[in-house]
Amino acid sequence: PGVGGFFPPPPPPSPPPILSSAVSLENMDSVYQRVAEAIATALHGRYVKRQAVGRGAYGEVWLIERVADGKRFVAKVMQTEKQHRYDSEVKCLISCEHFGIIGFVESVLSSAGPVIVLEFADGGDLSSLLKANPAQKGFFEESWIGVRFVQLALALNHIHAKRMMHRDIKTANILLTTSGFCKLSDFGFSKAFDSTVSQDVAETFLGTPYYLAPELWRRQKYSKKADMWSLGVVLYEMMLRKRPFVSSSMKGLMSAICNGEYAVLGSHPYSQEMTDVLLSMLQVDPRQRASTSEVLCKPVVREYARQFLDMVAHAPNIPADEKSRVANTVESQLAAVQVEVAQGSGHHNDGDGDEEAASRMEPSAVLEGAILIGSLKEWKQRYVVLEDGALKVTRVKEDKKSQRLDLPSITKIGLPQLPDGVHDDTIFVVYLSTGFSVWMKASSAEERDLWIQTVRQTMASMGLQVQT
């Protein structure tokens with residue numbers, strides 16, 4: 001630990017090693033091989049495929065190299081059934097060119113699904129950085145946190161000014177570069193609005209549970225202030241290197257978030273001004289929660305904006321034209337938010353919305369997402385939406401025809417009895433009054449618990465009894 005209990009953050013994780021383009025695919029599984037071949041075909045002649053660097057519920061990510069200049073990028077291959085996420089991500093990325101947002105290069109179609117070519121962040125993600133050296137005790141330097149946080153606040157302000165919401169801000173979706181930039185990524189859950197900013201409300205239950213705002217857990221209409229809550233959770237993690245809301249159950253997590261019962265800050269070396277910024281974003285009532293404009297007008301945040309610009313100006317590996325663009329963007333944004341707050345519009349324009357406008361919105365889905373349905377022998381990809389008193393099942397999100405599992409016909413939803421030797425904490429079962437049951441498989445144990453808890457709560461709100 002350094003002076004005053006601080007220690008400088010560990011160096012960013014090393015970028016993945018570049019593999020020879022002649023690397024054998026014999027040891028790759030069939031999915032990776034299919035995706036690798038699809039990328040090689042779709043990007044042939046312009047990029048060289050190097051290696052897979054990640055796999056998630058929505059596809060694979062590969063490191064690629066542009067033939068013309070040897071510059072590295074990533075190719076994000078979306079599964080065909082995730083076309084709706086691809087469309088959303090491309091639309092938002094094209095609209096949001098900003099140094100604090102991962103850069104969009106191009107998109108192409110391949111036999112394995114849509115491919116998005118994106119800027120490569122060579123410093124890994126914030127989640128991995130915060131988890132590095134867990135045995136080391138102490139705190140990150142406030143200046144290091146402040147310089148990264150102000151970039152995220154500026155990026156989010158830019159997104160909100162475009163009448164968009166990110167809706168999945170978390171440390172795993174924040175990428176770092178070795179030159180000091182901090183960038184928002186993964187816009188698959190983002191949403192663009194056609195209405196005025198003051199009317200930006202939505203009701204789709206999306207995002208990652210640990211970062212969800214109270215109004216989403218309560219299935220209330222929400223605004224861009226939900227993004228601010230998520231950013232507050234990220235700042236808390238940067239400051240204390242742990243999550244503010246923890247519980248051994250989804251029900252307990254929901255209670256902690258909805259009541260604002262986060263782990264006490266305790267003794268820490270951060271300034272009161274920085275702590276106040278954190279607390280202003282973790283307000284349970286979204287009307288009291290700070291907007292990006294208000295946060296960016298805080299003296300301590302503006303000081304870290306100055307330090308960020310100083311870092312950029314003296315960075316030897318940032319081109320002069322990029323330094324100029326960054327400086328102009330920051331100065332322009334800071335000037336604009338200062339005018340907004342001075343005129344009393346900064347809070348309103350960040351999407352708080354008036355109650356009258358919100359009350360005119362028609363209700364939409366309580367919860368939705370891709371789910372596997374079937375049995376231990378065979379699973380099929382489906383899209384499930386909880387709305388209008390039923391679980392609606394379609395092959396893909398865009399299908400108009402659906403099979404309904406009306407909530408009054410559900411007698412129980414919970415965990416299955418698996419055969420000996422079989423362990424899978426992502427499966428849950430919907431039991432029907434007809435005697436049949438529907439087996440479902442989520443992408444994670446957390447998502448499984450979210451479905452079970454949300455269905456139970458929705459049924460309870462309808463006066464229906466369900467076995468636990």
Side-chain angles (χ1 to χ4, degrees), residues 57 81 203-210 212 214-222 247-259 362-468:
E81 58 269 23
E203 292 183 339
T204 308
F205 198 81
L206 298 169
T208 303
Y210 290 107
L212 288 178
E215 55 268 31
L216 275 84
W217 282 101
R218 294 172 177 148
R219 298 185 298 282
Q220 298 171 337
K221 299 177 181 68
Y222 66 90
S247 176
S248 59
S249 68
M250 194 63 69
K251 183 178 180 180
L253 180 63
M254 175 182 176
S255 176
I257 292 176
C258 289
N259 292 307
E362 294 297 325
S364 182
V366 174
L367 180 62
E368 63 178 297
I371 289 286
L372 296 177
I373 294 181
S375 66
L376 293 177
K377 293 183 178 180
E378 181 181 10
W379 297 100
K380 293 184 178 180
Q381 186 77 49
R382 294 293 183 263
Y383 198 84
V384 181
V385 180
L386 173 59
E387 65 177 357
D388 299 332
L391 286 169
K392 300 179 181 179
V393 182
T394 59
R395 291 178 63 87
V396 295
K397 182 179 181 180
E398 292 74 18
D399 280 357
K400 301 300 182 183
K401 294 182 179 180
S402 65
Q403 292 181 314
R404 288 177 60 99
L405 300 177
D406 292 311
L407 296 188
S409 70
I410 297 177
T411 60
K412 180 180 179 180
I413 179 170
L415 306 183
Q417 289 186 340
L418 297 174
D420 292 341
V422 176
H423 302 283
D424 193 325
D425 59 1
T426 64
I427 298 175
F428 62 102
V429 184
V430 177
Y431 298 89
L432 306 176
S433 57
T434 58
F436 291 98
S437 61
V438 181
W439 283 51
M440 300 187 177
K441 181 177 173 65
S443 62
S444 66
E446 291 77 14
E447 184 180 303
R448 174 206 64 188
D449 292 344
L450 180 60
W451 275 101
I452 294 173
Q453 189 68 27
T454 305
V455 170
R456 287 176 178 173
Q457 291 175 347
T458 303
M459 293 181 66
S461 69
M462 296 170 61
L464 302 173
Q465 291 186 347
V466 59
Q467 298 179 36
T468 58

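Computation of the quantities below employed the complete heavy-atom set of this structure, encompassing side-chain atoms and omitting hydrogens, waters and symmetry-equivalent molecules.
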Indicate the atoms forming the closest heavy-atom contact of [X] with [Y], along with that distance.
X	Y	value
Leu372	Gln381	CD2-OE1, 3.4 Å
Met250	Leu450	CE-N, 3.8 Å
Glu447	Ala370	OE2-O, 3.7 Å
Met459	Leu407	CE-O, 3.3 Å
Leu405	Ile410	O-CD1, 4.4 Å
Pro408	Gly389	CD-O, 4.0 Å

Measure the [atom1]-[atom2] distance between [X] and [Y] for me, rounded to the nearest 0.5 Å.
X	Y	atom1	atom2	result
Trp439	Trp379	CH2	CH2	7.0 Å
Ser375	Lys380	OG	NZ	9.5 Å
Lys441	Phe428	NZ	CZ	11.0 Å
Leu391	Glu368	CG	CD	12.5 Å
Trp217	Gln453	CH2	CD	8.0 Å
Ile371	Ser443	CD1	OG	7.0 Å

Extract all donor-acceptor atom pairs below 3.5 Å that involve side chains of residues 251-259 and protein atoms in other chains or at least two apart in sequence.
{"residue": "Ser255", "atom": "OG", "partner": "Asn259", "partner atom": "ND2", "Å": "3.3"}
{"residue": "Asn259", "atom": "ND2", "partner": "Ser255", "partner atom": "O", "Å": "2.9"}

Would you say the side chain of [Y] lies within less than 4.5 Å of the side chain of [X], judging by non-hydrogen atoms?
X	Y	result
Val430	Met440	yes
Val455	Leu367	no
Val385	Val393	no
Leu386	Trp451	yes

- Task: Look at Arg404 together with Asp406 and state whether they make a salt bridge at an N to O cut-off of under 4.0 Å.
- Result: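 Yes, this pair counts.
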- Query: Is Asp425 salt-bridged to Arg448, cutoff N-O under 4.0 Å?
  - Reply: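 Salt bridge between Asp425 and Arg448, a charged N being under 4.0 Å from a carboxylate O: no.
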Please confirm whether the backbone N or O of [Y] pairs with a side-chain atom of [X], one donor and one acceptor, at under 3.5 Å?
X	Y	result
Arg395	Tyr383	no
Asp424	Thr426	yes
Ser402	Lys392	no

